[in-house]
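Report on one structure; see the data block that follows.
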Number of protein chains: 2
Amino acid sequence: MGKPTIHIVLGDDHEIFRNGFKTLFDDQPGIRFVGEAANGDELLRVIAKLKPEIVFTDIKMPGMNGVETTRLIRKRYPFAEVIALSTFNDAHFLMDMLDAGAKGYLLKDASKREVLEAIHAVHAQTHYYCKATREKMTELRTASGDSLAELKRIAFSGREKEIIGLICGGMSTMDIAKKLFLSKRTVDGHRDRIMRKASAPNIASLVTFAIRHGLFEV
Amino acid sequence: MGKPTIHIVLGDDHEIFRNGFKTLFDDQPGIRFVGEAANGDELLRVIAKLKPEIVFTDIKMPGMNGVETTRLIRKRYPFAEVIALSTFNDAHFLMDMLDAGAKGYLLKDASKREVLEAIHAVHAQTHYYCKATREKMTELRTASGDSLAELKRIAFSGREKEIIGLICGGMSTMDIAKKLFLSKRTVDGHRDRIMRKASAPNIASLVTFAIRHGLFEV
DNA sequence: CAAAAAACAGGTACTAATACCTAACAATCC
DNA sequence: GGATTGTTAGGTATTAGTACCTGTTTTTTG
């Protein structure tokens, strides 16, 4: 007898992408694409019903995003391993997703071969990152020494993300302090830490950084 | 006799997306998907060979981007009408694409229905924009297009636009002064006038203003 | 429970930005 | 020719942001 079939579901808000993804498994006897969802909530329901071994999820989705969705999947349905799909080869997204419990990270321009490799690797309980992402990780590692510690160092906390949003929204430090009932110094400190993590020399750079990294929408 | 078949080609660097796009026409007798390309140069060659009536192209592609590609398509192969595909509902991309000669603009999360509507509209020599893009256009119109006086009041001079770009790019006043061989006070003055025109209380607001008004690209 | 991380807050010093002025000079337009 | 506009530059004052510290308290997590 052969190996048991691996069941796959996909969460992505792009209908065309879902259609294309589905077709990857047409000629794969050991793998069955069993369901799809256009957003996080729907994805959770699909998983509860179909009990797939592998879940692919986009990071950017309307409603609950991929990071939050992944956290819930790992918590509620630990049998399902998550592989992240992203348009962006971005260290922050990568970090957020790994932190949420994803076992793999693929860019949306991944080839069929990479998708299949990722499935088998993650199903065998190893991690998988696509080529571009591995290069990104190497780049970060060589840029400043020690491995994944670096990625963790630049991950933003919830409060930091909140303050990034307010800064980008045009609020001054004082405005933010008043709004959040904090001392100006506290907000100063948060901003200081944010700027270091983003390697931004000034507010203008921080704003473009935040927009490029999906932390603020224009 | 029926209508002649419409031939479609697609330029997009995402294999999975191309696969999904292809399947949209499986049950469409009047439309034939005849070719695909992963970048701009390849797309031009495919068009030269297959002479499609409709070309879909992604905006962001490695090598020659969609805007430049579209310009060349319209110049060399005027029989081919171009419909832009984009992940981003961005006024700036939209303007660039229309300027380059695209007759339609679709987001990548478009439904099958929208894709088919776009094809028929553009093939009938009308323009087509997906719902989200139409909303974006209305929003921009009401946001900045009310009174002519208003527009003139906030119209930026060439130098001002140049400095806006440099500020958004993360340069400090001093950086800009050195780069342009000006006194810091001159740049201060320019920035002052810019901020008043934009009604921006601080740099963060100016950056988002500039991005929203197409004065800076992220 | 103990360790780690996040959030909070203050010190100190310096630099950059903001606000509101004036004004010279050149180019452009009617 | 005269008016307008753009570019340049400076004066003066205040506020905001930047950089690098030190801590405490609270929350999360192993």
Side-chain angles (χ1 to χ4, degrees), chain A residues 68 71-72 74-75 78 92 95-96 98-101 148-210 215, chain B residues 148-149 151-210 215:
Chain A
E68 212 30 62
R71 221 179 287 281
L72 288 176
R74 293 303 300 150
K75 193 174 164 193
H92 286 93
M95 197 52 228
D96 283 349
L98 298 186
D99 187 55
L148 281 167
E150 177 64 13
L151 278 177
K152 208 147 199 189
R153 203 181 58 71
I154 62 169
F156 294 108
S157 71
R159 195 59 146 179
E160 283 167 353
K161 282 187 233 173
E162 182 182 13
I163 288 174
I164 288 173
L166 297 174
I167 291 174
C168 294
M171 291 177 84
S172 71
T173 306
M174 254 310 185
D175 292 340
I176 297 171
K178 277 178 197 155
K179 183 183 169 66
L180 300 181
F181 303 105
L182 297 174
S183 142
K184 175 192 174 293
R185 317 307 306 283
T186 304
V187 182
D188 268 330
H190 281 304
R191 197 196 53 233
D192 195 4
R193 233 165 300 121
I194 289 166
M195 307 277 264
R196 284 161 196 255
K197 285 184 182 177
S199 307
N202 52 48
I203 295 285
S205 299
L206 177 65
V207 175
T208 55
F209 174 95
L215 296 164
Chain B
L148 220 72
L151 271 181
K152 201 159 191 190
R153 200 182 58 73
I154 66 163
F156 295 105
S157 72
R159 197 58 149 179
E160 283 167 354
K161 279 189 239 175
E162 182 182 15
I163 288 174
I164 288 172
L166 297 173
I167 291 174
C168 293
M171 291 176 83
S172 71
T173 305
M174 255 308 185
D175 292 339
I176 296 170
K178 277 179 195 153
K179 183 182 169 69
L180 301 180
F181 303 106
L182 296 175
S183 147
K184 175 193 174 292
R185 314 310 307 282
T186 305
V187 182
D188 268 330
H190 282 304
R191 198 196 52 233
D192 195 4
R193 232 164 301 121
I194 288 167
M195 305 278 264
R196 285 159 194 259
K197 284 185 182 177
S199 309
N202 53 46
I203 295 286
S205 299
L206 177 65
V207 175
T208 54
F209 175 94
L215 297 162

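In the text below, chain A, chain B and the rest are named by the order of the sequence lines, each starting its count at 1. Fair warning: this is a prediction, and the values are worked out from it, not measured in the lab.
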By side-chain contact (heavy atoms from CB on, under 4.5 Å), which residues pair with A/N202, not counting sequence neighbours?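 In terms of side-chain contact (heavy atoms from CB on, under 4.5 Å), with neighbours along the sequence ignored, A/N202 is linked to A/A204, A/S205.
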
What residues form a side-chain contact (heavy atoms from CB on, under 4.5 Å) with A/A100, not counting sequence neighbours?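 Scan of A/A100 (side-chain contact (heavy atoms from CB on, under 4.5 Å), adjacent residues dropped) gives A/V67, A/T70, A/R71.
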
Rounded to whole angstroms, how far apart are [atom1] on [X] and [atom2] on [N]?
{"X": "B/L206", "N": "C/dA16", "atom1": "CG", "atom2": "C1'", "value": "15 Å"}
{"X": "B/I167", "N": "C/dT18", "atom1": "CD1", "atom2": "C1'", "value": "12 Å"}
{"X": "A/L182", "N": "C/dA6", "atom1": "CG", "atom2": "P", "value": "17 Å"}
{"X": "B/R193", "N": "C/dA23", "atom1": "CZ", "atom2": "C1'", "value": "12 Å"}
{"X": "B/K161", "N": "D/dT7", "atom1": "NZ", "atom2": "P", "value": "10 Å"}
{"X": "B/D175", "N": "C/dT15", "atom1": "CG", "atom2": "P", "value": "15 Å"}
{"X": "A/I176", "N": "C/dA9", "atom1": "CD1", "atom2": "P", "value": "14 Å"}

How would you list all residue pairs meeting side chain to side chain donor-acceptor pair (under 3.5 Å) that involve residues 174-183 of chain B, not counting sequence neighbours? B/S172-B/D175

Does anything in residues 156-165 of chain B form a salt bridge (Lys or Arg N to Asp or Glu O under 4.0 Å)? List the pairs, not counting sequence neighbours. B/R159-B/E162, B/E160-B/R193, B/E160-B/K197

How is A/T186 classified with respect to the nucleic acid when contacts are heavy atoms under 4.0 Å: base, sugar-phosphate, or nothing? base

How is B/H190 classified with respect to the nucleic acid when contacts are heavy atoms under 4.0 Å: base, sugar-phosphate, or nothing?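 Base contact.
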
Quick one: what's the B/S/- string for nucleotides 24-30 of chain C, heavy-atom cutoff under 4.0 Å, read 5' to 3'? -------

Where along nucleotides 13-30 of chain D does protein come under 4.0 Å, by heavy atom, of base (B) or sugar-phosphate alone (S), with - for untouched nucleotides? ----SBSB----------

Counting just side-chain N and O atoms, does A/S183 come under 4.0 Å of either OP1 or OP2 of C/dG10?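 Checking A/S183 against C/dG10: at least one side-chain N or O falls below 4.0 Å of OP1 or OP2.
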
Option passing side-chain hydrogen bond (donor to acceptor under 3.5 Å, both in side chains) with B/T173 (candidates B/K184, B/R191, B/H190): B/R191

Less than 4.5 Å apart, any side-chain heavy atom of A/V207 and any of A/I203?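 Result yes, sub-4.5 Å side-chain heavy-atom pair found.
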
What bend angle does the helix from C/dC1-D/dG30 to C/dC30-D/dG1 show across its length, from five-pair end axes and to the nearest 10 degrees? 60°

So, for B/A210 and B/I164, which heavy atoms are closest and what is the spacing to 0.1 Å? CB-CG2, 3.7 Å

Minimal non-hydrogen separation, A/L206 against A/A200, with atom names: N-CB, 3.7 Å

Interatomic spacing from [atom1] in [X] to [atom2] in [Y] - rounded to 0.5 Å:
{"X": "A/F156", "Y": "A/L215", "atom1": "CZ", "atom2": "CG", "answer": "6.0 Å"}
{"X": "B/L180", "Y": "B/L166", "atom1": "CG", "atom2": "CG", "answer": "6.0 Å"}
{"X": "B/I176", "Y": "B/I163", "atom1": "CD1", "atom2": "CD1", "answer": "6.5 Å"}

